[in-house]
Trainee: 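Sending over a structure as C-alpha cells; questions will come in a sec.
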Amino acid sequence: DEGRVRYAYELCYSRHPQDDELQRVLQFLNAQRDYFRSHSPAATAVADMARAFTNDALDAVELAAWSSVARVLMNLDEFISRE
C-alpha cells in the first residue's frame, strides 16, 4: 500500500509524500476498505466504473477503495493548480 501511495504522489504531484500525508492517505484507504467491505453493492458499482480504466485484477473492494484514494488525490488543490 505504501509503495502505491508513494507512486501516486509522484504521478500526481511530482514529489514524495510527507510522512503525515502518507499516513493520512493510508488511513483513508483502510477506512474505504472497511466501508466497501460492509457495502458490497457500492463496491461493485464503483469497481464496475473503474474496470474500464484498468487491467488490474483487484477485487471489487480493493478497486473501489483505491479509486476513492485516486479521487481524493486528484481533487486536491495541489493537483488542480500547480505553483
Side-chain angles (χ1 to χ4, degrees):
D1 291 347
E2 186 176 318
R4 283 185 176 186
V5 172
R6 288 183 186 282
Y7 182 63
Y9 261 78
E10 289 176 23
L11 288 175
C12 290
Y13 310 124
S14 300
R15 67 176 180 85
H16 299 286
Q18 296 175 4
D19 290 339
D20 62 324
E21 292 172 322
L22 178 64
Q23 292 310 310
R24 281 185 276 167
V25 173
L26 291 172
Q27 288 172 350
F28 178 74
L29 172 62
N30 288 323
Q32 291 301 294
R33 283 178 175 143
D34 291 342
Y35 173 81
F36 285 120
R37 277 188 198 109
S38 62
H39 295 84
S40 58
T44 300
V46 173
D48 286 347
M49 287 187 287
R51 286 194 206 294
F53 302 101
T54 183
N55 293 328
D56 211 338
L58 296 174
D59 70 0
V61 169
E62 281 295 298
L63 191 51
W66 280 105
S67 294
S68 296
V69 168
R71 287 179 182 151
V72 166
L73 294 178
M74 289 188 289
N75 278 294
L76 293 177
D77 186 58
E78 185 176 353
F79 181 81
I80 296 168
S81 57
R82 295 188 178 169
E83 295 181 25

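Start at 1 with the first residue, then count along the sequence.
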Trainee: Do NZ/NE/NH1/NH2 and the carboxylate oxygens of Glu10 and Arg6 come within less than 4.0 Å?
Mentor: no
Trainee: Is there a chain of hydrophobic side chains (I, L, V, M, F, W, Y, each step under 4.5 Å between heavy atoms) that links Leu73 to Leu29?
Mentor: yes
Trainee: Should Val72 and Leu26 be counted in the same cluster of Ile, Leu, Val, Met, Phe, Trp and Tyr side chains packed under 4.5 Å apart?
Mentor: yes
Trainee: Starting from the C-alpha separation in whole Å, work towards a yes-or-no answer on side chain to side chain contact (heavy atoms under 4.5 Å, CB included) for Ser68 and Tyr35.
Mentor: CA-CA 11 Å; Ser68 296; Tyr35 173 81; over 6 Å; no
Trainee: For residues Gln18 and Arg15, report the shortest heavy-atom separation together with the two atoms involved.
Mentor: N-NH1, 4.0 Å
Trainee: Is a salt bridge present between Arg37 and Asp34, judged by a nitrogen-to-oxygen distance below 4.0 Å?
Mentor: yes
Trainee: Measure up the Tyr9 and Tyr13 rings against each other and bin them: parallel (under 30°), tilted (30 to 60°), perpendicular (over 60°).
Mentor: perpendicular
Trainee: Quick one: pull up NE2 in His16 and CD in Glu21 and give me the separation to the nearest 0.5 Å.
Mentor: 12.5 Å
Trainee: So does Asp59 get a backbone contact from the side chain of Glu62, meaning a donor-acceptor N/O pair under 3.5 Å?
Mentor: no
Trainee: Test side chain to side chain contact (heavy atoms under 4.5 Å, CB included) on Gln32 and Val69; report intermediate values, then the result.
Mentor: CA-CA 8 Å; Gln32 291 301 294; Val69 168; 5.6 Å; no
Trainee: Does atom CG of Asp19 have more than 12 heavy-atom neighbours, drawn from other residues, nucleotides or ligands, at distances under 6.0 Å?
Mentor: no
Trainee: Is there a continuous path of hydrophobic side-chain contacts, each under 4.5 Å between heavy atoms, that joins Val5 to Leu63?
Mentor: yes
Trainee: Do Trp66 and Val46 share a hydrophobic cluster (ILVMFWY, side-chain heavy atoms under 4.5 Å, transitive)?
Mentor: no
